[in-house]
Amino acid sequence: MDTLALYIHWPFCLAKCPYCDFNSHVREAIPQARFRDALRRELAWEAARLGPRRLGSIFFGGGTPSLMQPETVAALIDDARTLFASEPDIEITLEANPTSVEAGRFAEFRAAGVNRVSLGVQSLEEAALRRLGRQHSADQAVAALEIARRIFPRISFDLIYARPGQTLPDWRAELRRALDLAADHLSLYQLTIEPGTVFEGAFRRGEIVLPDDDAAAVLYEATAEEAARYGLAPYEVSNYAAPGAESRHNLAYWRYRDYAGIGPGAHGRVSLNGELLATRRHRAPEPWADRVERHGHGSTSEEPVSPADRAREMLLMGLRLTEGVDEQAFAARTGMELDDALEPDVLAQAVAEGYVARAGGRLVALPEGRLRLDSLLAALVR
């Protein structure tokens with residue numbers, strides 16, 4: 001059986017960013033002890049029912065996991081490595097925001113066992129950071145990157161592009177500055193308007209104007225050019241890495257491997273008793289903790305994933321990867337042949353127009369196809 005990826009969700013943030021639709025919550029005081037105990041208890045429950053597995057990665061996501069006390073991170077890592085066998089080179093990632101207080105705790109997180117940090121930089125321009133509602137300055141972001149580079153063997157950082165008024169020369173300069181500081185792994189996200197966010201209301205009122213699709217595509221293409229200058233290749237639509245620095249945890253998602261999710265709102269795909277189960281925890285933090293304290297877990301749903309749904313999910317995830325989808329792995333995971341999950345006429349047209357290729361037992365989205373991946377997948381996948 002493939003290794004298991006473990007996701008641990010910490011739901012709390014200092015402030016809610018106006019573009020964010022993640023399961024994140026602001027509290028005047030974070031109940032650290034209660035949520036540490038609840039996460040440890042739910043992890044133990046999950047491990048007991050899954051049985052012996054080899055753990056390939058742990059990912060602390062959020063929210064803002066760098067708001068966790070380092071002893072909480074250490075306890076959860078120790079528990080995970082006790083409850084599961086783990087790979088000798090297990091990847092343990094913690095998401096962090098580059099405020100000065102959190103950066104000062106990096107050494108404690110490293111001592112706890114974290115060997116990869118993912119920094120939510122988002123921008124190195126002061127005006128953009130203010131518009132994005134970020135709590136850190138550009139100088140703090142730079143300082144956090146420099147500290148992280150000294151402490152952690154592996155670093156990733158996020159940037160948001162296609163921001164209002166963003167120009168191509170400005171974007172190239174910003175990318176070069178960031179890559180000069182930490183050229184290991186880059187996650188790049190196009191600014192989108194998500195339902196229920198502050199930005200949605202501002203967009204409706206005309207207060208936010210985003211670059212059109214053509215302008216966003218130019219910025220996207222420039223990213224690959226700049227990343228290549230630093231030896232980073234695009235291995236997924238939004239992710240660039242130096243050789244060997246790819247996120248093993250996220251590759252488990254994109255390759256449609258088993259992953260367990262604990263914490264408020266966490267979801268997973270785990271094989272159990274011959275079925276692939278889609279799992280989800282209660283979204284709201286305090287009701288989730290109530291459930292864990294009563295039942296040992298905060299699960300709200302657990303449903304078998306049908307072969308057709310497995311096929312659709314595996315294609316939607318796998319075609320994001322530069323390596324594409326392996327046909328043999330697809331059949332083994334879904335119980336279906338690849339052709340049975342695709343619209344044949346759309347596939348033929350997509351191949352003819354250079355959007356996808358099928359060779360060597362793989363279906364791959366080519367660069368032109370990745371530029372329009374959402375619309376391509378909507379038409380191609382049954």
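Keep in mind that the numbers below use all heavy atoms, side chains included, and drop hydrogens, waters and symmetry copies.
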N/O donor-acceptor pair under 3.5 Å between R281 side chain and I262 backbone: no
Candidate pair R280 and E303, rule salt bridge (charged side-chain N to carboxylate O under 4.0 Å, His left out), full reasoning: CA-CA 9 Å; R280 183 172 294 277; E303 301 291 339; over 6 Å; no
Side-chain touch L6/L43, heavy atoms, less than 4.5 angstrom: yes
Contact summary for T322 and P234, nearest pair of heavy atoms: OG1-O, 2.5 Å
Connected via hydrophobic side-chain network under 4.5 Å: L67 and I147: yes
Six-ring centre of Y256, R333 cation under 6.0 angstrom, axis tolerance 45°: yes
Same apolar cluster: L181 and L179, side chain cutoff 4.5 Å: yes
A341 versus A311, closest heavy-atom pair with distance: CB-CB, 3.9 Å
Heavy-atom pair of closest approach, residues E343 and R382: OE2-CG, 3.4 Å
Exam field: side chain R310 to backbone V305, donor-acceptor pair closer than 3.5 Å: yes
Pairwise side-chain contact, H185 with I155, heavy-atom cut-off 4.5 Å (strictly under): no
Pair N97-R134, side chain to side chain contact (heavy atoms under 4.5 Å, CB included): steps then yes or no: CA-CA 9 Å; N97 280 340; R134 303 299 290 168; 2.8 Å; yes
Side-chain heavy atoms of D158 within contact of V121, under 4.5 Å: no
CA sep, side-chain torsions, deciding dist, call: S123, E174, side-chain hydrogen bond (donor to acceptor under 3.5 Å, both in side chains): CA-CA 8 Å; S123 177; E174 187 176 359; 2.8 Å; yes
Side chain to side chain, S187 and S238, heavy atoms closer than 4.5 Å: no
salt_bridge(R149, D184) N-O dist < 4.0 Å: no
L119 and E95, any side-chain heavy atoms less than 4.5 Å apart: no
Test side chain to side chain contact (heavy atoms under 4.5 Å, CB included) applied to E236 and N250, step by step: CA-CA 10 Å; E236 191 268 348; N250 287 337; over 6 Å; no
Carboxylate-amine/guanidinium contact E226 R176, below 4.0 Å: yes
Single-linkage hydrophobic cluster, 4.5 Å side-chain cutoff, M317 and L315 together: no
CA sep, side-chain torsions, deciding dist, call: L363, L338, side chain to side chain contact (heavy atoms under 4.5 Å, CB included): CA-CA 9 Å; L363 179 69; L338 184 61; 3.9 Å; yes
Side chains of D309 and T334 in contact at under 4.5 Å (non-hydrogen atoms): no
Qualifying residue, where the test is salt bridge (Lys or Arg N to Asp or Glu O under 4.0 Å) with D2 and the options are R269, R248, R257: R257
L371 vs Y220 side-chain heavy atoms within contact, under 4.5 Å: yes
Donor-acceptor contact present, side-chain R320 to main-chain W254, <3.5 Å: no
side-chain hydrogen bond (donor to acceptor under 3.5 Å, both in side chains) assessment of S299 paired with W45: CA-CA 11 Å; S299 181; W45 176 85; over 6 Å; no
From L210 atom CG to R163 atom CZ, the distance as rounded to the nearest 0.5 Å: 11.5 Å
Donor-acceptor pair, side chain of Q190 and main chain of I160, under 3.5 angstrom: no
Single-linkage hydrophobic cluster Y253~L186, side-chain heavy atoms < 4.5 angstrom: no
Donor-acceptor contact below 3.5 Å, side chain T93 vs main chain F59: no
S137 OG to R130 CZ distance, which is reported to the nearest 0.5 Å: 10.5 Å
S156 side chain near S247 side chain, heavy-atom distance below 4.5 Å: no
CA sep, side-chain torsions, deciding dist, call: F12, W10, ring-ring contact (aromatic ring centres under 6.0 Å, His included): CA-CA 6 Å; F12 302 113; W10 183 258; 5.4 Å; yes
Residue pair Y240, Y235: steps toward the ring-ring contact (aromatic ring centres under 6.0 Å, His included) verdict: CA-CA 6 Å; Y240 302 76; Y235 71 101; 8.4 Å; no
Residues R34 and E293 bridged, charged N to O under 4.0 Å: yes
Check against salt bridge (charged side-chain N to carboxylate O under 4.0 Å, His left out), R150 and E146: CA-CA 7 Å; R150 293 198 300 268; E146 291 174 339; 5.5 Å; no
Interatomic spacing from CG in L175 to OG1 in T223 - rounded to 0.5 Å: 5.0 Å
Closest contact, heavy atoms only, A138 versus L124: CB-O, 3.4 Å
Y7 and H9 aromatic ring geometry - parallel, tilted or perpendicular at 30°/60° bounds: tilted
E91 side chain vs R116 backbone, donor-acceptor pair below 3.5 Å: no
Mutual orientation of the aromatic rings belonging to H295 and H297 [parallel < 30°, tilted 30-60°, perpendicular > 60°]: tilted
Main-chain N/O of Q69 paired with Q32 side-chain donor or acceptor, under 3.5 Å: yes
salt_bridge(R49, E302) N-O dist < 4.0 Å: yes
Check against ring-ring contact (aromatic ring centres under 6.0 Å, His included), F106 and F152: CA-CA 8 Å; F106 280 177; F152 295 98; 5.6 Å; yes
Note: D79-R41 ion pair, threshold 4.0 Å (strictly below): no
Stepwise side-chain hydrogen bond (donor to acceptor under 3.5 Å, both in side chains) check, T167 with D170: CA-CA 5 Å; T167 67; D170 287 346; 3.0 Å; yes
Rounded distance [0.5 Å steps], CZ in R53 versus OG1 in T3: 11.0 Å
Nearest atoms (heavy-atom pairs only) where W288 meets H282: CB-O, 3.7 Å
Hydrophobic cluster membership, F109 vs I151, 4.5 Å side-chain cutoff: yes
Gap separating the CZ atom of R81 from the OG atom of S86, nearest 0.5 angstrom: 4.0 Å
Side-chain donor or acceptor of T72 paired with backbone N/O of M68 under 3.5 Å: no
N115 versus R110, side-chain donor and acceptor atoms under 3.5 Å: no
Donor-acceptor pair, side chain of E246 and main chain of G244, under 3.5 angstrom: yes
Taking every non-hydrogen atom, the tightest pair across P88 and R54: CD-NH2, 4.1 Å
